[in-house]
There are 2 protein chains.
Amino acid sequence: MSTAEETAGGEVAPWGEVTPDAARRLLVAAVEAFAERGYHATTTRDIAGRAGMSPAALYIHYKTKEELLHRISRIGHTKALEILRTASRREGTAAERLADAVSSFVRWHAGGRTTARVVQYELDSLGPDARAEIVALRRQCDAEVRGILEDGIASGEFDVLDVKGTTLAVLSLCVDVARWFSIDGPWTPDEVGALYADLVLRMVGASK
Amino acid sequence: MSTAEETAGGEVAPWGEVTPDAARRLLVAAVEAFAERGYHATTTRDIAGRAGMSPAALYIHYKTKEELLHRISRIGHTKALEILRTASRREGTAAERLADAVSSFVRWHAGGRTTARVVQYELDSLGPDARAEIVALRRQCDAEVRGILEDGIASGEFDVLDVKGTTLAVLSLCVDVARWFSIDGPWTPDEVGALYADLVLRMVGASK
DNA sequence: GCCGAAGGTGAGCGAGCGCTTAGCGTGCCC
DNA sequence: GGGCACGCTAAGCGCTCGCTCACCTTCGGC
């Protein structure tokens, strides 16, 4: 059996690590509800209903509604960081690694837009402690991209005026894909990934 | 007297068109509350309290809480469209007009991040009719940017593979500024505008 | 000086919220 | 096959929500 499964929207949802089964069903239901209506507009009754359970069942597996968001956010950010790290640490020129990072990061945001939307846009609904933990993961994502840019500048591949600002812009561009991407639109996640990799290489002065 | 005033955060808020005075105070209070906590997490008691009025006073000037969001959204999108149109229709090369559009659009999203955050990220909280009206305004924003790109391609200034995708990416990059920009950060709105104008010119193959 | 319109308030309604609790069925251990 | 831990449900508590309503002030017109 695979650790990934498909939701109704054709997305890949790697929630295999969440056990037991009832806890995973509740978490998947919460991701869908949060993505559709936002954290504050989602009720615990709605989450439990989507998972085919009574409202009280939620509290057997999670202490509060916020704990659900926290778990989703941590798993999502960990996955995002892993994607960037894999691309950053592979072999190849800085341009190849940057293109790989951007295209795979964008593919994740487009293909898993339901999860990505929750992960990227519901951060402010977390309490201070949980938010601090997630913000630390974000800074690591930032560091991975900045590292590739610095490598490319050192090797003469890239021409970048403001490393910090360009890093932010690259990540911002990728993240915002989750906001506008639709599976009914004219592009597949792969196509957006390829388009964005090209745009980013141009931004750093590395286009052929 | 000017039609623009300053909020506590040093932002420009052109709400002079909203009358009478009590209605404007309520609207400004709603913008701040929605930006801080999101539409659904904001209570009508909070909005009225910020405006120094009782909860019931809100309903003298607005039929529902959603009408407040609708008015804010329409005014904000109209202003955004006006900014893009002004840049698009001035004289100059396509590169100059694109740089102007991006830098002024970004300045608006950074300087008026409170308003921009509500305008750009609370769209889904509107009902179907109101949302349709706002989406139409967005499409006009899209058309302005695409128009500049097509002019630049026709004149040979730009080298763009996918006009539709690049238009979307340019707008996405600018809009997302409202999500991450902070007045306490290392940049002024002007600096981000200049940085982004440079990045976008590179994206369309027009950098010097 | 009386009157009605405009703009405000305090109290509170019905609904729905996050979450709790008492108790029920089921399978596992001995 | 009796006891019990576990996963779950039905019912509902205390609270706060968006919104309403009866009433109060202020003020210009005559």
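Letters A, B, ... are given to chains in the order of the sequence lines, protein chains preceding strands, and every chain is numbered from 1.
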**Student:** With heavy atoms of chain B within less than 4.0 Å as the criterion, where does contact along DNA chain C begin and end?
**Tutor:**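 Listed 5' to 3', the contact boundaries are C:dG8 to C:dG12.
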
**Student:** Hey, which sits more toward the 5' end of DNA chain D by its nearest nucleotide, A:P20 or B:K63?
**Tutor:**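 Its nearest nucleotide lies further toward 5', so the answer is A:P20.
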
**Student:** Find the distance A:M53:CE to D:dG7:P and express it as a whole number of Å.
**Tutor:**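 Computing the A:M53:CE to D:dG7:P distance gives 10 Å.
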
**Student:** Which whole-number value in Å describes the distance from A:L58 CG to D:dT9 C1'?
**Tutor:**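 Distance check: A:L58 CG to D:dT9 C1' gives 14 Å.
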
**Student:** Going by side-chain contact (heavy atoms from CB on, under 4.5 Å), name the residues that satisfy it together with B:A41, two or more places apart in sequence or in a different chain.
**Tutor:**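 Listed in chain order: A:H40, B:R37.
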
**Student:** Among residues 42-52 of chain B, which residues get a heavy atom nearer than 4.0 Å to DNA chain D?
**Tutor:**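 Output list: B:T42, B:T43, B:T44, B:R45.
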
**Student:** Could you label the plane-to-plane angle of the A:F105 and A:H109 rings as parallel, tilted or perpendicular, counting under 30° as parallel and over 60° as perpendicular?
**Tutor:**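 If you compare the ring of A:F105 with that of A:H109, the planes turn out perpendicular.
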
**Student:** B:V106 pairs by side chain to side chain contact (heavy atoms under 4.5 Å, CB included) with which of B:V175, B:V192, B:L173?
**Tutor:**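 By the side chain to side chain contact (heavy atoms under 4.5 Å, CB included) criterion, B:V106 pairs with just one of B:V175, B:V192, B:L173: B:V192.
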
**Student:** Give a yes/no answer on whether the side chain of B:H40 brings an N or O atom under 4.0 Å of OP1 or OP2 in D:dC17.
**Tutor:**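 Checking B:H40 against D:dC17: no side-chain N or O falls below 4.0 Å of OP1 or OP2.
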
**Student:** Rounding to a whole Å, what distance do you find between B:Y59:OH and D:dC19:P?
**Tutor:**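 Interatomic distance, OH of B:Y59 to P of D:dC19: 4 Å.
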
**Student:** Quick one: list whatever passes side-chain contact (heavy atoms from CB on, under 4.5 Å) with B:L161, sequence neighbours left out.
**Tutor:**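 side-chain contact (heavy atoms from CB on, under 4.5 Å) list for B:L161, sorted by chain: A:D198, A:R202.
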
**Student:** Please identify each residue that fulfils side chain to side chain donor-acceptor pair (under 3.5 Å) with A:R90, with sequence neighbours left out.
**Tutor:**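 A:R90: side chain to side chain donor-acceptor pair (under 3.5 Å) contacts with A:D100.
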
**Student:** Mind checking the CD-CD1 spacing from B:E144 to B:I83? Nearest 0.5 Å is all I need.
**Tutor:**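 Result: 12.5 Å between the selected atoms.
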
**Student:** Please identify each residue that fulfils side chain to side chain donor-acceptor pair (under 3.5 Å) with A:R50, with sequence neighbours left out.
**Tutor:**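 Counting only residues at least two positions away or on another chain, A:R50 forms a side chain to side chain donor-acceptor pair (under 3.5 Å) with A:E36, A:D46.
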
**Student:** Could you tell me the separation between the CG atom of A:L98 and the CG atom of A:D151, rounded to the nearest 0.5 Å?
**Tutor:**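 Output value for this atom pair is 10.5 Å.
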
**Student:** Counting heavy atoms from C-beta on, name the nucleotide in D:dC8, D:dG18, D:dT20 closest to the side chain of A:A22.
**Tutor:**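 When the side chain of A:A22 is considered, D:dC8 is the closest of D:dC8, D:dG18, D:dT20.
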
